[in-house]
There are 2 protein chains.
Amino acid sequence: MLDQDITLADQIFTRMRREIVAGQLPPGSKMSEPELARRYGISRGPLREALRRLESSSLVVRRPNVGARVVELSSEHLLDLYYLREALEGLAARLAAERMGDAEIAELQDLIARHERQVAQDHGLAYYQSEGDLDFHYCIVRGSHNARLQDLLANDLYHLVRMYRCQFAMSGPRAPTALREHAQIVDAIAARDGELAEILMRRHIRASRQQVEKRLNGELATPPPLTH
Amino acid sequence: MLDQDITLADQIFTRMRREIVAGQLPPGSKMSEPELARRYGISRGPLREALRRLESSSLVVRRPNVGARVVELSSEHLLDLYYLREALEGLAARLAAERMGDAEIAELQDLIARHERQVAQDHGLAYYQSEGDLDFHYCIVRGSHNARLQDLLANDLYHLVRMYRCQFAMSGPRAPTALREHAQIVDAIAARDGELAEILMRRHIRASRQQVEKRLNGELATPPPLTH
DNA sequence: GCCGCCAGGATTGTCGACAATCTCAGGCGA
DNA sequence: TCGCCTGAGATTGTCGACAATCCTGGCGGC
């Protein structure tokens, strides 16, 4: 039909990933192969393949002869993730400043301008928690022209980040600040200053991490990680 | 029997990964499922699972309805890999300096001492191209106490690095230099100087990358990438 | 002579069934 | 009453077979 060239296992993989990230399949819940196969109307073959791919995306954990469960979220792993992003996206920003074409940079500037209009309109409430933030980071990563970096961040880490955001109900008051930092990074890239772009991006992500750490320490009156 | 708790697909996965890295399954070669299943004496089910895991390790590429091939090596992807390692292992070194226990550091120092004795004995010929180099880096990564970073480097990237080393016949005259740089990094970690450890590690990997770039540009009379 | 079309063969994707393994409840003994 | 062992039940791992899809070679038309 439209894009039926995609294999059945791929469809189920994408669908289950979306449901896990959104929380419809809650963390820690057991994923019975026969049950899921009935639920999605497929056989266990493609389903197992989808589970294997979800495992390599770190969205489910499998134990041999026991089964698969949706990954359990922990504040420790969330911080691990931020450290990784700081290093990887810092690299991406540096490479983007060195490698992006002029057209790509213009597109990026346009994206930032759209975000600014949207934030001004919404009073900056729904920027950070929406897809807008990840959109920006995704553009930078794509601009790095490093296939492996792109694959790693876009196919694995960002889905995990979105999962944490949904589950931990993270939004925070960083929306206007984040947007300003984004604009600074774009300026550095437009100026072809890779070193500065890397520094700003690392600082940007470190600030997010530090805010999460504060929240986890209970220093901020924001939604707790989860209700157990 | 010994460690039969491992599932059949896991055994095949590990075995095929070893053969791909060593070059027994040459890059670009087609991996027919019936043929491989006969060859390893298993069915296509576990074999497909092993192929899927090899794909997520970037050792094979699969196209729907077409099949799997051993990944093609390219100098571009090799450089991508070095950029990633520079960022990730720099992070690992910083975290290691902050988080390693005293016992772990003593172990690391012991490893370096053993390497020094070995290099003195072998006149430094076979250090860089052996597993010794990756052993060192693996210890640092383990010391980062960041599960995701550890998983990423040890389970995926290092196998790719070893594959490139085997296929490109990379050794180079960097053996004594590399060992000296390793010792400096260990000193920084022992001094709990995370910032310095990161700088030194990044410089260490960048130097390797630059040497590879020179070689790819034909400025060094060393084995060419591959004979086509 | 070159390009497009078509059938043959092989390969991959998918399915249902059987065997091996784990989990959990219940009973026995100390 | 607590702990260990055992057996039923369910689940995962593995296998072989069928259907859908793709590559290869040859043929006909321009």
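Hydrogens, waters and symmetry mates play no part in the numbers below; they use all other heavy atoms, side chains included. Protein chains get the first letters and strands the later ones, always in sequence-line order, with residue 1 at the start of each.
Listed by chain and number, the residues in a ring-ring contact (aromatic ring centres under 6.0 Å, His included) with Y164(A) are F168(A) (sequence neighbours excluded). By the side-chain contact (heavy atoms from CB on, under 4.5 Å) test, R48(A) is found to be paired with E33(A), R44(A), R62(A), E49(B), residues two or more places apart in sequence or in another chain being considered. In this structure S56(B) satisfies the side-chain hydrogen bond (donor to acceptor under 3.5 Å, both in side chains) test with no other residue, sequence neighbours excluded. For A147(A), the side-chain contact (heavy atoms from CB on, under 4.5 Å) partners at least two apart in sequence or on another chain are H77(B), D80(B).
Per the geometry, CG belonging to L36(B) stands 9 Å off P belonging to dT12(C), to the nearest Å. For the pair R63(B) CZ and dC23(D) C1', the interatomic distance rounds to 10 Å; values are reported in whole Å. Between the P atom of dT12(C) and the CZ atom of R52(B) lies a distance of 13 Å, rounded to the nearest Å. Atom CD in Q11(A) sits about 13 Å away from atom P in dG13(C), given to the nearest Å. With rounding to whole Å, E33(B) atom CD is found 14 Å from dG16(D) atom C1'. Rounded to an integer number of Å, the gap from CG of L47(B) to P of dT11(C) is 14 Å.
Classification of R69(B) and E55(B) as a salt-bridged pair fails, no side-chain N sitting under 4.0 Å from a carboxylate O. A salt bridge links R209(B) to E213(B): at least one charged side-chain nitrogen sits closer than 4.0 Å to a carboxylate oxygen.
When the nucleotides dG13(C), dT14(C), dC22(C) are ranked by their closest atom to the side chain of V66(A), dC22(C) comes out on top. The listed nucleotides are dT23(C), dT12(D), dT12(C); the one nearest the side chain of R48(A) is dT12(D). Of the candidate nucleotides dT12(C), dC15(C), dC15(D), dC15(C) has the atom lying nearest to any side-chain atom of L8(A). When distances are taken from the side chain of N65(B) to each of dT14(C), dT12(D), dC22(D), the shortest belongs to dC22(D).
When the side-chain nitrogen and oxygen atoms of R62(A) are compared with OP1 and OP2 of dG13(D), one or more of them lie within a distance under 4.0 Å. OP1 and OP2 of dT12(C) both lie 4.0 Å or more from every side-chain N or O belonging to T7(A). Distances shorter than 4.0 Å separate some side-chain N or O of K30(A) from OP1 or OP2 on dT12(D).
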Atom pairs and distances, donor-acceptor, side-chain atoms in residues 96-106 of chain B, under 3.5 Å, two or more places apart:
from: R99(B); atom 1: NH1; to: S144(B); atom 2: O; distance (Å): 3.1
from: R99(B); atom 1: NH1; to: H145(B); atom 2: O; distance (Å): 3.4
from: D102(B); atom 1: OD1; to: R192(B); atom 2: NH2; distance (Å): 3.0
from: E104(B); atom 1: OE1; to: G101(B); atom 2: N; distance (Å): 2.8
from: E104(B); atom 1: OE1; to: H145(B); atom 2: NE2; distance (Å): 3.1
from: E104(B); atom 1: OE2; to: H145(B); atom 2: NE2; distance (Å): 3.2

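Listed by residue number, R44(B) are the residues of residues 38-46 of chain B with a heavy-atom contact under 4.0 Å to DNA chain C.
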